[in-house]
8 protein chains.
Amino acid sequence: MKLNVYLSGEIHSDWRAQIIEGCQKEGLDISFSSAVTNHDASDAAGDGLGDEQNSFWRDHKSAKVNAIRIKHLIENCDLAVIRFGEKYKQWNAAFDAGFCAALGKSYITLHDESLVHALKEVDGAAQAWAQTPAQVVDILKYLTTQA
Amino acid sequence: MKLNVYLSGEIHSDWRAQIIEGCQKEGLDISFSSAVTNHDASDAAGDGLGDEQNSFWRDHKSAKVNAIRIKHLIENCDLAVIRFGEKYKQWNAAFDAGFCAALGKSYITLHDESLVHALKEVDGAAQAWAQTPAQVVDILKYLTTQA
Amino acid sequence: MKLNVYLSGEIHSDWRAQIIEGCQKEGLDISFSSAVTNHDASDAAGDGLGDEQNSFWRDHKSAKVNAIRIKHLIENCDLAVIRFGEKYKQWNAAFDAGFCAALGKSYITLHDESLVHALKEVDGAAQAWAQTPAQVVDILKYLTTQA
Amino acid sequence: MKLNVYLSGEIHSDWRAQIIEGCQKEGLDISFSSAVTNHDASDAAGDGLGDEQNSFWRDHKSAKVNAIRIKHLIENCDLAVIRFGEKYKQWNAAFDAGFCAALGKSYITLHDESLVHALKEVDGAAQAWAQTPAQVVDILKYLTTQA
Amino acid sequence: MKLNVYLSGEIHSDWRAQIIEGCQKEGLDISFSSAVTNHDASDAAGDGLGDEQNSFWRDHKSAKVNAIRIKHLIENCDLAVIRFGEKYKQWNAAFDAGFCAALGKSYITLHDESLVHALKEVDGAAQAWAQTPAQVVDILKYLTTQA
Amino acid sequence: MKLNVYLSGEIHSDWRAQIIEGCQKEGLDISFSSAVTNHDASDAAGDGLGDEQNSFWRDHKSAKVNAIRIKHLIENCDLAVIRFGEKYKQWNAAFDAGFCAALGKSYITLHDESLVHALKEVDGAAQAWAQTPAQVVDILKYLTTQA
Amino acid sequence: MKLNVYLSGEIHSDWRAQIIEGCQKEGLDISFSSAVTNHDASDAAGDGLGDEQNSFWRDHKSAKVNAIRIKHLIENCDLAVIRFGEKYKQWNAAFDAGFCAALGKSYITLHDESLVHALKEVDGAAQAWAQTPAQVVDILKYLTTQA
Amino acid sequence: MKLNVYLSGEIHSDWRAQIIEGCQKEGLDISFSSAVTNHDASDAAGDGLGDEQNSFWRDHKSAKVNAIRIKHLIENCDLAVIRFGEKYKQWNAAFDAGFCAALGKSYITLHDESLVHALKEVDGAAQAWAQTPAQVVDILKYLTTQA
């Protein structure tokens, strides 16, 4: 069984690489996708369309360019993994979770126990809560290879 | 024109009351709804279904009971107003925004300028960004009464 | 807040009456609906369309007439309560649960602890599991009256 | 004509193998998929995410992990075959049937005559009722090869 | 239980009146709707938009004006009754049946036994086949009043 | 039969008033709605959310506030009438037509013969083309009152 | 541009072959599909599931087996061509047209001028009316090869 | 990341070629599609179906044939680029934009600053506004190649 998995959320740790490499080692038939994770490039996504003096509109243009990619990838994925780290607001990750929930897309959350109470609504609509990338790899292996 | 407006997000300030009272003063034909905003009641929503020793499952049960109401109200609203305050993670508010976006429901965000960069994805899919409850009342008045 | 609640499943105990009366005592604004619960009438739903010598076709005709009502009520409800008793196969109740799940309709299961393992897939897609009608009444009260 | 066929239900007899091998002998262009049919593995699907002392939550976690696979496969199949045996409650099979019905997915039921009355609602929404795997193979051959 | 019932098909006999009056006598809470059944008015529905010399375009304009009403009523009905008489092609009735089927709207066919083979695909997607208006009234009574 | 009719397009002639008054004279059960047709108010719809020095963003904010109303009204109408005048680009009217087409909403175009070639794609997806408000009134009368 | 084209309707003339061969001669990138067009095989589609003494049920079983294929092919086609001949009721062809219309699938009708009035509702929802298979080939060539 | 991009609008300048060649130079994995852009061929799309003396019907037939292709391509694209030039009404381009908006398809507008006010509703639902084909190429490169 093949799966397209969208990886959403935190860009300050290597959780994406851990999951991707973990699946490669297991030889799983999974393709991964993500939003642009280069922070500076992402913030500048709309800059080529003209300069903005107002930071709201600079952010707005970039966010809407990025949304073309994010929406396309979420709508075409079979499963999302949504990571919340300890720092930052990460509202975009929660936004992606709500987007998945409304579309009926399954998603797995990935976060530490310390965030359980703050993420209860996001976890409530998730199919699973994992605490480590290795757990995610195990689930993906189970889903795609168990007879 | 009548509107059903769902009010999502922060429960620690009186922004809901300001919007509702502002619309009442203007005599607008708008009905408002919200998730349960009593913090303790909301956290205990699932307690009647049996005690849990594990806090994850206590939260999980309550979140899923609350989701019955939230999902029903969002799916039946014409517009959502989604408030982000300065404190707390408020991932549920961003989750609601993503849910609205995927359903094609219009929403207005309500937050200070300081949160603009962190909320750029959430604002990117919004129909408007307001900074004060009075601005929201003005938009609602315009939408429902302007010829 | 008003809710339309569909009551699915077991017809051999008075759980429907307990929920309906419990909600009436609390003065909740809830309307309830059900499939035809008169067993003989339900089995004979299609008999007026012509006699059948083959019991499969007699059942088939009645099931399809009943499905007009069931499908209509589930598609128009805001929430379903799905009851499984100790006896009988009750596959229609599980069918209704799957139907709700695919439509994104919230449902609450109502069954004893002894059925937990057998119902794990049905409970897995439910918003709550209750063991008594009184618990269901409490959730409905919370959902429709808590500020 | 190619078909993706999802095989749902009973895991205690070799009906899946009979259908798959029957189609292979006929050289049909059909790909089959199933939920995890290894009973122990399926029950333990969520164990890697942390131990649970409460059996409800152990089942719940596993059921939701399994649902990622089941939902994905049903949503992507062209046809489901849903098998009910003599033993066990098999509510998950009826749940899958309801899920298919709500999505407008065609399904064929496979069960003995003794279950006709108990399965009348499930059969009522089915496209066909077969009593043997060989009959299913014949239908699949007809659907994919008859000019 | 209230139902909106759309009556489609034959306009040369009084089957609509028989069903409506039968339901009124029973005091059922059912509202009925139909396409324009005045044959001349229906054929002339588009004439006010300008004369046509080509009969195809005259028919086309009228058919599309009538389709505004038919589509609106079918999309908003809870159940359709689709009548086929002995004479004429009545392709519009079969078209309405296909439209209902694709929308997942329940429909009942009403026709004599002589048409069974010709209508097998239309009956195959129906919830019931009735041979007389009185049978339809009985089903509607059962659906809306049986406890 | 009752209809909710959305009136889209040109704001520089009195075609809306002609249709509304024509229907009132006929006593038709039709409710009409429109975008804000006060040109200055519409252009200023977003001004209360903060000044913009860049005219693109001023227009953008107002357009998105107006879209809350337009989208809501189109999604809830039963039929749209879309008017194109001789002057101006009126791309918003064509946009509304495309929006209706994708939603499967019936619409009638209202324009002079001189615009036929330029509007062929918009007319191609319409249910009718009218040249005068009186013709629209006639169609609405026919649709809602003809037996 | 590649197209999947579903060919519905009359099975007593060689119109399918004319279209398929015409497209092959032009080298068009089109794949065609159809219901089972072998009349006897189609009528017997359900016979393997058990004998029926009642001809209604024999037809019913076969129609529902055939519907698995037809529904699958229509839902996955890009365009349908629906042929009406001079003889027979051909209600299944009109049913397919209504099914396409409700799904928003484009279809082309293929019939003689003599049937124009009887088919006005079916033609009213079509994208084109052709009178000969050669005209259909020309349209398919235009759609898939014109720059 | 691969994208299917639909290019809608103006056919009197070489903006399509600029975008396609720009992407080819960058080696992007993008497939492009368009309506028929040969003006004479497009206007004559329906001529093979029979002569029309009335220019409305000639346009109507051609527009509906062309709509088969346009609707198919828009429904299957991942992103649309919609170009408005200085001349002509270009209502079909705005119609396509509205169609995309209702389907939730992302689109980018491409037009000069002089058209900003007239296109505010169309730009309001767009994900980006570009002024040159080179800017579109840059966005497509960013979307498909940025890590």
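FYI, side chains are in, hydrogens and waters are out, and symmetry mates aren't considered; it's all heavy atoms of this structure. A note on names: the letters A, B, ... follow the listed sequences, proteins ahead of strands, and every chain is numbered from 1.
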Exercise for review: Select all residues of residues 11-49 of chain C having any heavy atom within less than 4.5 Å of some heavy atom of chain B, and report them by number, or 'none'.
Suggested key: none
Exercise for review: Nearest 0.5 Å please: distance from the CG atom of B:N76 over to the NZ atom of C:K2.
Suggested key: 12.0 Å
Revision key, fill the gap. Correct closest heavy-atom pair for B:H72 and C:M1 would be CD2-CE, 3.8 Å
Check your understanding: What residues of residues 102-141 of chain B sit under 4.5 Å from chain C when only non-hydrogen atoms are counted?
Key -> none
Revision key, fill the gap. Minimal heavy-atom distance between B:I68 and C:L79, with the atoms involved, is CG2-CD1, 3.9 Å
Check your understanding: In Å, rounded to the nearest 0.5 Å, how long is the span from CZ of B:R69 to CG of C:D78?
Key -> 13.0 Å
